[in-house]
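One structure follows; several queries about it will come next.
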There are 2 protein chains.
Amino acid sequence: MKIISWNINSVRVRIEQLLELLRQEKPDIVCLQEIKCESGDFPHLDVRSLGYYAVVLGQKSYNGVAILSRDQPALVSDGLETDIGGLREARAISTRLGSFDVLNVYVPNGDVVSSDKFDHKLKWLDALFESIDSKWFDDDPLIVCGDFNIAPEDEDTHDPAQWKSSVLCDPRVRKRLKTLEDWGLEDLGRDAHEFTWWDYRNQGFEKDEGLRIDLIMATSALKCTKIRVAREFRGMEQPSDHAPVIAEFEAP
Amino acid sequence: MKIISWNINSVRVRIEQLLELLRQEKPDIVCLQEIKCESGDFPHLDVRSLGYYAVVLGQKSYNGVAILSRDQPALVSDGLETDIGGLREARAISTRLGSFDVLNVYVPNGDVVSSDKFDHKLKWLDALFESIDSKWFDDDPLIVCGDFNIAPEDEDTHDPAQWKSSVLCDPRVRKRLKTLEDWGLEDLGRDAHEFTWWDYRNQGFEKDEGLRIDLIMATSALKCTKIRVAREFRGMEQPSDHAPVIAEFEAP
DNA sequence: GATGTACGAG
DNA sequence: CTCGTACATC
């Protein structure tokens with residue numbers, strides 16, 4: 001079973017790259033973040049033509065998440081089912097696919113430390129944990145993936161000193177990720193430390209000034225056999241600033 | 001000697017198509033309209049890499065004209081050298097190239113008849129005639145080309161009834177074009193009546209609902225051997241709404 | 001419909 | 001730097 005997580009940064013701009021990813025990798029599941037369109041504008045027909053169903057939670061300008069799957073999905077939840085700090089953004093969606101569940105998240109970036117947006121990020125991560133803890137047991141087969149906007153360790157940045165005080169490396173967000181790990185979700189890319197995001201500015205990709213902030217996590221009921229980053233998608237014409245992360249599991 | 005006139009509708013968006021045109025046609029001269037950038041933002045290096053010099057008169061958002069040439073050009077004039085109706089827009093540029101002169105124009109569209117913009121169009125055409133009449137004799141070798149925003153005759157529209165009262169077919173603008181012809185400039189495409197522009201809307205190109213508004217005119221000192229419209233550029237991905245017009249002349 | 005502007009977001 | 005928004009021009 002192959003699953004991909006990708007912050008596509010506008011599904012309408014990058015639909016051709018998405019179709020190429022589906023044709024090349026033939027994944028069973030694809031979790032997309034930042035589709036940046038309303039649910040009704042999702043290109044269902046394009047992905048359907050390659051055999052994929054899609055459950056979509058979109059909104060007008062920003063955010064927006066979707067899960068594509070070969071198997072017909074059962075919608076479990078459209079997000080965290082609650083307002084967080086007065087906002088109800090399209091940042092989480094989960095489905096049941098056969099014997100396991102997939103939760104796809106787009107964690108708020110948080111702008112800068114000690115901003116309202118950073119407070120919102122912390123609250124959102126708290127709500128994420130509460131939602132997971134209330135819906136699943138740690139021995140359930142569960143995959144949680146997406147753009148976490150958290151670099152779990154210093155090794156997940158090209159320059160820890162430069163990123164030290166950023167919202168992506170702040171100890172409070174790292175601690176909340178640790179809470180998910182302690183609960184029973186393993187960060188499957190933690191040892192490889194492969195970057196998944198490179199800033200559009202300053203030739204970030206060309207200089208390999210990247211971060212690992214897109215994660216695939218899973219409970220121990222699921223056995224991961226392989227995980228890698230499809231860097232080539234970051235090097236294409238008109239790329240997303242994120243590369244897809246691809247994990248394979250033993251048939252559950 | 002081969003010369004091309006093309007309303008490129010943003011030279012930065014369509015730089016690859018321009019380079020393709022240069023490689024395919026190997027013209028001696030290319031007159032561009034609606035480059036839509038300031039002079040300093042013109043992609044000089046790209047055209048230089050294919051052996052072309054460029055004289056450019058640009059402005060911030062709209063308009064902007066340029067002349068590319070294999071031979072190093074002598075700048076004759078940056079436009080009509082005068083304000084017209086209080087405006088000084090980047091709509092005309094001329095150069096001397098060896099033994100003849102080239103004047104490249106982007107005539108105002110005029111919005112609708114009996115609008116301020118239409119008055120401006122008429123004034124601009126008057127100023128164009130005055131400028132030509134004051135600078136050249138009718139036996140000088142001179143090419144005047146560009147987007148005239150005038151369909152000279154009913155045969156130059158796909159549906160004369162539909163276009164009858166448009167600013168592109170108004171008798172007052174046609175009369176001013178006639179004044180240029182009477183002065184000594186021959187509209188070289190007048191007999192072929194090939195369309196050069198198709199609206200982006202309503203599948204204008206697919207239905208061949210076009211107009212001939214891009215003209216190459218020349219004095220009788222220059223002998224035209226061929227003129228055609230490179231329609232294929234209108235059928236490409238992300239096309240300009242205008243196709244290039246290509247004329248060939250006996251070596252002067 | 002396809003450009004440009006300016007802005008807010010990342 | 002590259003998305004989205006909304007608006008103006010053709």
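Each chain gets a letter, A, B and so on, in the order its sequence line appears, and its residues count up from 1. Since this is a predicted model, take the numbers as computed values, not measurements.
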(message) Does anything in residues 55-67 of chain B come within less than 4.0 Å of DNA chain C? Heavy atoms only, and list the residues if so.
(response)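 Only B/K60, B/S61 qualify.
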(request) Figure out the CD/P separation between B/E209 and C/dG1, and round it to whole Å. (result)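 Spelled out: CD on B/E209 to P on C/dG1 is 13 Å.
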(message) What residues from residues 8-17 of chain A pass a heavy-atom cutoff of under 4.0 Å to DNA chain D?
(response)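 By residue number: A/S10, A/V13, A/R14.
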(request) Rounded off to whole Å, could you give me the CZ-to-C1' distance for the A/R234 and D/dC3 pair? (result)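 Rounding to the nearest Å, CZ of A/R234 and C1' of D/dC3 are 13 Å apart.
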(request) Scan for salt bridge (Lys or Arg N to Asp or Glu O under 4.0 Å) pairs involving residues 111-129 of chain A, sequence neighbours excluded, and state none if there are none. (result)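 Checked against salt bridge (Lys or Arg N to Asp or Glu O under 4.0 Å) - neighbours excluded - the pairs reaching residues 111-129 of chain A are A/D126-A/R176.
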(message) Could you tell me how far apart A/D147 (CG) and C/dG10 (C1') are, to the nearest whole angstrom?
(response) 10 Å
(message) Going by the rule side-chain hydrogen bond (donor to acceptor under 3.5 Å, both in side chains), which residues pair with B/R201 if we only count those two or more places apart in sequence or in a different chain?
(response)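 Testing B/R201 for side-chain hydrogen bond (donor to acceptor under 3.5 Å, both in side chains), a comparison that skips the adjacent residues, returns B/D199.
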(request) Step by step, work out the side-chain contact (heavy atoms from CB on, under 4.5 Å) result for A/N9 and A/K36. (result) CA-CA 7 Å; A/N9 189 13; A/K36 288 187 172 175; 2.9 Å; yes
(message) Counting only side-chain nitrogens and oxygens, does B/Q203 get under 4.0 Å of the OP1 or OP2 atom of C/dG1?
(response)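 No, B/Q203 has no side-chain N/O under 4.0 Å of OP1/OP2 on C/dG1.
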(request) Take atom CD of A/E89 and atom C1' of C/dG10, then tell me their distance rounded to the nearest Å. (result) 13 Å
(message) Just the rounded figure in Å: distance from P of D/dC10 to CG of B/N7.
(response) 12 Å
(message) Can you measure B/F205 atom CZ to C/dA2 atom C1' for me and round it to whole angstrom units?
(response) 16 Å
(request) Would you indicate, yes or no, if D/dC10 has its OP1 or OP2 atom less than 4.0 angstrom from a side-chain nitrogen or oxygen of B/K36? (result)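 No, no such contact exists.
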(message) By nearest atom, which of the nucleotides C/dG10, D/dC10, C/dT3 is closest to the A/Y106 side chain?
(response) C/dG10
(message) Nearest to the B/Y200 side chain among D/dG4, C/dG1, C/dG10, which nucleotide is it?
(response) C/dG1
(request) Using the test side-chain hydrogen bond (donor to acceptor under 3.5 Å, both in side chains), find all partners of A/H193 that sit at least two apart in sequence or belong to another chain. (result) A/D156
(message) For the CG atom of B/L125 and the CZ atom of B/F129, what is their distance to the nearest 0.5 Å?
(response)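 So the gap between those two atoms works out to 12.0 Å.
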(request) Rounded to the nearest angstrom, tell me the gap between atom CH2 in B/W197 and atom P in C/dA2. (result) 13 Å
(request) State which residue, out of B/R91, B/E89, B/E38, fulfils the side-chain contact (heavy atoms from CB on, under 4.5 Å) condition with B/Q59. (result)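 Exactly one candidate clears the test, B/E89.
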(request) With sequence neighbours excluded, tell me which residues meet salt bridge (Lys or Arg N to Asp or Glu O under 4.0 Å) with A/R48. (result)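 Checked A/R48 against salt bridge (Lys or Arg N to Asp or Glu O under 4.0 Å); zero matches.
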(request) Measure the spacing between CD1 of A/I150 and CG of A/L177 and express it to the nearest 0.5 Å. (result)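 If we round to the nearest 0.5 Å, A/I150:CD1 and A/L177:CG are 5.0 Å apart.
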(message) Is the ring pair A/W197/A/W163 parallel, tilted or perpendicular, if the boundaries are 30 and 60 degrees?
(response) perpendicular
(message) Categorize A/E34 for me: base, sugar-phosphate, or nothing, with a 4.0 angstrom heavy-atom threshold over every strand shown.
(response)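 If one applies the 4.0 Å heavy-atom cut-off, A/E34 turns out to touch nothing in the nucleic acid.
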(request) Report the distance from atom CG of B/D111 to atom P of D/dA8, rounded to the nearest whole Å. (result)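 To the nearest whole Å, that distance equals 13 Å.
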